[in-house]
Amino acid sequence: MADKYISQEIEPKWQKLWAESGLYATREDPERPKFYFLTMLPYPSGDLHIGHWYAMTPSDAAARYRRMKGYNVFFPIGFDAFGLPAEGAAIKHGIHPYTWTMANIERMRAQLRSMGAMWAWDHEAVSCDPRYYAWTQWFFLKLYEHGLAYRKFAPVDFCPHCNTTLAREQVWGEDRHCERCGTPVIKKELEQWFFKITDYADELLRFDGIDWPERIRTMQTNWIGRSEGAEVTFPIDMGDSGSGIGVQSADTAIPNTQYPIPGTDAITVFTTRPDTLWGATFMVLAPEHPLVEKLTTEEHRAAVDAYRLQADRQTEIERTAADKEKTGVFIGAYAINPVNGRRIPIWIADYVMVTYGTGAIMAVPAHDERDFAFALKFGLPIIPVIERPDDLAKSAVWDGSVPGDFGAALSAAGFAWEWLAIPDRGRFYAVTLHGDEQVRAYVALLQAHLKAGHWADVVGRGWQVVFHDGPLALDSAAADAAIMARCHAGYDYTRQFATSMSMWWAVEWYRNVLYHADYGTMIHSEAFSGTAGAVAKAQVTRWLAEQGVGKFAVNYRLRDWLISRQRYWGAPIPIIYCPACGTVPAPYEDLPVLLPEDAEIPATGENALKFHAGFLNVRCPQCGGAAQRETDTMDTFMCSSWYHYAYVTPYWKAGQKLRPDDTPWEPEAGNYWLPVDQYTGGPEHATMHLLYTRFFTKALRDMGVAPFAEPMLRLFNQGIILGPDGNRMSKSKGNVVAPDEWVERYGADTVRAYLMFIGPWDAGGPWNSQGIEGVRRFLERVWNVVAEDEGQASGGRSQGPKIAAQVRELQHVTHKTLRKVTEDIEAFKFNTLLAALMEFNNYLVKARETAVYGTSAWEEALDMLLLMLAPETPHIAEELWQRRVQTRRVSENPSGLFQAADSIHVQPWPVWDPELAKAETVILVVQINGKVRDKIEAAADIGEAEARELALASPLIQRWLEGKTVRKVIFAGGKLLNFVVS
RNA sequence: GCCGAAGUGGCGGAAUGGCAGACGCGCCAGGUUCAGGACCUGGUGAGGGCUAACCUCGUGUGGGUUCAACUCCCACCUUCGGCACCA
């Protein structure tokens with residue numbers, strides 16, 4: 001009675017029966033091991049697209065597999081339902097965000113059901129439900145209580161299109177655009193709420209006990225950007241110039257450091273290279289640095305103000321363009337280099353960021369590329385203080401400075417040199433030297449040949465200018481000045497240069513030895529000269545601490561998480577501002593602070609809460625006086641930082657008064673399910689959601705709320721499905737692929753299996769419907785093989801040795817396939833899993849025509865085929881399984897109704913027999929000099945001697961060996977034999 | 001510029017030291033059919049070869065290690081992702 005495979009009929013049927021039979025009901029069962037399998041929750045934009053299917057259906061397959069393996073699997077779903085698009089729809093179509101969102105959710109629920117996934121709908125959670133965001137607000141209060149939420153006035157990224165501030169993580173790309181709408185962001189000075197994620201920077205760098213992809217760990221590590229170095233304090237030079245520097249002796253708060261220098265005037269810098277301190281020849285402050293105002297002298301104020309203004313006006317793009325010419329101005333003030341007491345000028349320049357480190361740097365132009373460019377441009381001294389590790393030195397000697405026999409003398413002494421022509425300056429001996437010895441010998445030779453009044457330089461190793469009456473080392477700014485004074489006096493050409501280094505920069509041939517940023521032996525550093533590069537940094541840091549001018553310090557690129565959003569459609573920040581009491585948290589028992597439903601969304605895109613008197617005006621919980629609510633709402637990443645906890649007991653304690661000592665989920669259920677065992681989702685959340693949720697969990701642990709430190713033990717990142725044009729799918733590009741039409745045409749099982757089949761799950765790639773037919777054909781062939789078998793289970797009809805061998809082969813193929821499929825699904829290798837099943841099915845199609853048909857091995861093969869298909873294509877597997885079960889009358893079920901216990905999806909995953917999975921024969925590959933010359937069938941356990949014998953019996957091999965001497969034979973474990981001949 | 005991933009037939013991809021191209025799409029031939037579609041069977045990297053046996057070449061490029069390299073090492077090219085004046 002083999003009828004046709006009509007997916008459109010069986011899929012809705014089984015979805016209904018599964019739901020009705022309670023197959024997916026969640027219950028904590030201490031008898032069984034739990035498995036919390038989580039896939040990233042969707043934003044209810046209105047329609048599921050193919051990317052959701054790509055992310056979710058393989059997850060479902062893996063979750064189903066876990067259940068068949070005997071785990072009590074929790075596979076929940078919900079909606080990340082706050083966010084800007086709802087407000088956009090409100091403005092555009094006049095629908096309230098709540099109505100729009102809930103309608104979308106309703107629509108998406110139906111679409112999600114069509115996947116046939118084992119969602120725990122009984123634990124669905126929607127983040128915009130007041131019963132949900134009551135807890136979002138509860139978490140905020142807890143964080144506030146523990147000093148992890150604070151408000152500060154700071155320059156923040158603001159999206160003019162979305163009309164709201166954004167977290168640093170939500171600003172993307174070189175042009176610093178809004179992650180959501182693509183509009184370039186602007187900087188605004190606003191008072192905003194932050195979460196102190198930086199408190200956990202070090203712990204977030206550790207991934208102990210979690211199995212996360214290398215890629216994500218690297219991205220998070222880079223994002224946190226830990227660097228070790230020292231903080232060094234440079235006193236301001238109060239001495240001369242009497243310039244009436246507007247310095248006040250008030251406490252000076254230096255940005256991003258907890259170490260204001262009370263009662264002194266000093267600049268603290270962060271450096272990763274304290275070993276280069278002796279080469280710090282100037283300082284640079286960020287234009288926004290608070291000390292700039294105080295330190296600028298009257299003489300320079302106009303220029304400084306002008307520079308700060310233009311720096312402020314520049315967009316971030318202009319300012320951070322990598323190849324930008326360095327700009328900056330001197331502010332008239334000087335600092336004292338604490339290691340040598342030298343006076344160094346203070347500049348401001350926009351290449352120093354107020355947001356990183358202390359917003360101020362010591363500039364070591366000889367060993368920092370940016371400082372080098374800056375010093376070159378503004379004629380500031382560049383003094384090398386770290387020896388070149390490669391020993392290289394160069395010296396260009398004008399042929400007019402030495403007698404004509406200089407070249408011969410160089411050659412005789414064994415120095416490598418060649419002629420170098422410099423336009424307008426003449427011909428030079430270009431000498432390349434290696435190491436101190438050579439430099440010393442060379443300098444002596446040069447000295448002996450130099451004509452009176454002439455000189456030549458040695459750059460790189462052993463920096464110096466050799467004058468006819470003796471060399472001058474470039475070991476300090478003073479020495480630099482002395483060198484230049486002699487040069488200026490002796491040769492007009494040099495007057496255009498302020499420093500030795502800029503003079504050398506003019507010689508192209510010198511350029512590659514003038515600057516380096518490597519570690520190396522310290523030079524020109526007083527007592528530290530000679531300190532080896534490997535220990536220099538640590539030794540100097542220790543000494544700085546002893547001297548009281550600096551200390552070991554760690555700096556992070558990570559900033560605190562800005563969570564304020566100037567939007568209506570989010571969870572309100574539960575804070576009240578009272579003119580008398582100040583900032584007052586809303587009492588726990590008043591949660592949730594409800595979003596007013598009657599708010600009008602202003603067409604200007606502003607926050608509706610600001611104009612809603614009923615929301616805004618409130619009594620102060622402390623003094624009872626008139627007060628106002630905070631109108632900003634929370635970043636939606638706050639909602640998704642804890643949704644995996646919400647699923648455990650959705651809307652826990654709804655309607656009850658919340659208390660600070662509550663547990664945000666039903667404790668027993670939480671103890672059973674948490675934490676998440678396997679998480680799957682896109683890699684685009686690496687530095688946002690995936691970092692936030694780790695921070696959040698660590699904070700919960702420290703509050704005593706959660707007994708674990710990581711929210712998700714294992715993570716897998718699937719790839720991203722692009723539009724058919726290879727671009728990221730987006731409505732504006734019109735390349736969004738809707739799964740519904742494909743499901744209608746081919747069925748959910750086909751779409752599921754096709755998405756799993758097209759390639760490795762973590763690869764993603766452009767959607768291409770070519771090939772989906774092949775997967776549908778595969779399922780039809782499965783249908784034909786299995787459905788036509790009904791009633792044939794009567795045992796083998798023929799006997800004998802021939803059929804025994806065929807049966808054994810069938811069993812071998814069956815068990816080998818089971819092994820492959822099991823290994824693949826464990827590793828999320830769905831593409832090769834499906835290929836193995838296709839191969840297996842192709843084999844069965846052929847085997848059906850042989851005597852194995854109807855044997856118990858045949859029946860086992862069909863059962864196994866269905867069990868292996870159940871995770872990937874749940875509907876067809878169930879339909880065919882039920883037909884087989886009924887046929888065999890295994891189920892005593894008088895009602896005839898489907899019972900959950902009979903479902904294929906709760907059958908135990910079969911176990912392969914290693915003996916059967918092993919092949920009896922192999923194709924022995926015979927090579928001559930590594931080239932395949934013959935393939936011979938042999939017993940799987942063949943030994944080397946027999947293999948050799950077999951190979952030598954082959955006429956083909958005999959021909960290749962003719963007239964050759966066998967030098968060596970390599971036998972690779974029953975697979976391959978290689979004759980090395982000559 | 002720095003960090004990471006990838007590069008294999010006409011296409012998606014398989015093989016992580018041992019038969020390159022599994023599986024699927026497409027294409028070609030044949031069967032079935034009044035015909036088309038669907039389905040079934042066989043073939044399908046390039047070149048050579050009495051179109052047979054078989055041979056040569058072939059996994060981004062150039063070197064290397066090895067009996068043997070898509071796979072390991074070195075250098076480079078291209079594409080994608082992340083970071084980027086981060087001190």
Side-chain angles (χ1 to χ4, degrees), chain A residues 172-174 213-223 225-227 229 269-273 276 280 284 286 319-324 326 349-353 355-364 367-371 373-374 517 555-558 683-684 686-687 719-720 722 726 753-754 757-760 762-775 777-778 780-781 784 829 831-842 845 922-935 955-956 959 967-981:
Chain A
W172 285 13
E174 217 169 313
E214 183 70 39
R215 181 152 111 250
I216 297 294
R217 301 208 311 259
T218 305
M219 278 167 80
Q220 293 199 345
T221 303
N222 291 343
W223 186 261
R226 181 192 154 98
S227 45
V269 300
F270 173 74
T271 175
T272 54
R273 293 298 301 273
T276 65
V284 187
R319 217 178 128 160
T320 58
D323 50 355
K324 203 191 115 183
K326 295 276 178 293
D350 61 8
Y351 80 92
V352 174
M353 305 289 133
T355 49
Y356 186 80
T358 62
I361 63 159
M362 65 174 203
V364 184
H367 304 291
D368 180 280
E369 197 180 359
R370 298 149 299 171
D371 298 345
F374 193 83
N555 223 287
Y556 302 94
R557 215 185 66 94
L558 182 72
E684 67 273 21
T687 57
I720 300 166
L722 305 172
Y754 179 59
F757 181 65
I758 47 175
D762 54 358
W767 165 262
N768 178 355
S769 59
Q770 271 189 4
I772 191 167
E773 291 269 4
V775 173
R777 281 201 281 265
F778 159 62
E780 271 166 11
R781 283 196 298 270
N784 291 339
K829 287 163 75 175
N831 55 331
T832 47
L833 180 159
L834 264 306
L837 286 178
M838 287 173 177
E839 229 173 326
F840 183 42
N841 192 56
N842 289 344
V845 168
V922 289
I923 302 295
L924 182 73
V925 175
V926 185
Q927 297 183 335
I928 309 287
N929 285 343
K931 286 185 192 266
V932 181
R933 295 305 180 194
D934 202 3
K935 299 171 187 181
L956 224 52
R959 211 174 69 205
R967 301 280 174 204
K968 202 171 166 188
V969 182
I970 283 124
F971 181 66
K975 284 187 289 198
L976 179 138
L977 197 66
N978 187 11
F979 291 93
V980 184
V981 304

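All figures in this text were calculated on a predicted structure; none of them were measured in a lab.
D368(A) is linked by a salt bridge (Lys or Arg N to Asp or Glu O under 4.0 Å) to R370(A), counting only residues two or more places apart in sequence or in another chain. Looking at residues two or more places apart in sequence or on another chain, you find a side-chain contact (heavy atoms from CB on, under 4.5 Å) between V969(A) and E944(A), R948(A), V966(A), L977(A), F979(A). In this structure, R557(A) has no salt bridge (Lys or Arg N to Asp or Glu O under 4.0 Å) partners at least two apart in sequence or on a different chain. Judged as a side-chain contact (heavy atoms from CB on, under 4.5 Å), and not counting sequence neighbours, the contacts of E773(A) are Y746(A), R777(A). R933(A) is linked by a side-chain contact (heavy atoms from CB on, under 4.5 Å) to I928(A), K931(A), I957(A), W960(A), counting only residues two or more places apart in sequence or in another chain. Residues meeting the side-chain contact (heavy atoms from CB on, under 4.5 Å) test with R226(A), sequence neighbours left out: D202(A), L205(A), E228(A), V554(A), Y556(A).
Residue R215(A) is out of contact with every strand shown, counting any heavy-atom pair closer than 4.0 Å. Here S227(A) lies in heavy-atom contact (under 4.0 Å) with sugar-phosphate atoms only.
Between V775(A) and M838(A) the shortest heavy-atom distance is CG2-CE, 4.2 Å.
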Show which side-chain atoms of residues 765-772 of chain A pair as donor or acceptor with protein atoms under 3.5 Å away, not counting sequence neighbours.
unit_1	atom_1	unit_2	atom_2	d
N768(A)	OD1	Q770(A)	N	2.9

Distances under 3.5 Å between nitrogen or oxygen atoms of protein and nucleotides 62-65 of chain B:
none

So which protein N/O to nucleotides 78-80 of chain B N/O distances come out below 3.5 Å?
none

Identify the pairs formed between an N or O of the protein and an N or O of nucleotides 57-59 of chain B at a distance under 3.5 Å, and give each distance.
unit_1	atom_1	unit_2	atom_2	d
rC57(B)	OP2	K931(A)	NZ	3.1

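Rounded to an integer number of Å, the gap from CZ of F270(A) to C1' of rC86(B) is 9 Å.
A stem is defined here as three or more consecutive Watson-Crick or G-U pairs, each with both distances under 3.5 Å; for RNA chain B these stems are B:1-7 with B:77-83, B:10-12 with B:23-25, B:26-31 with B:39-44, B:45-48 with B:54-57, B:60-64 with B:72-76.
Nucleotides rC50(B) and rG12(B) place their P atoms 36 Å apart, quoted to the nearest Å.
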In B/S/- notation, 5' to 3', how is nucleotides 13-31 of chain B contacted by protein heavy atoms closer than 4.0 Å? SSS--BBS-BBSSS-----
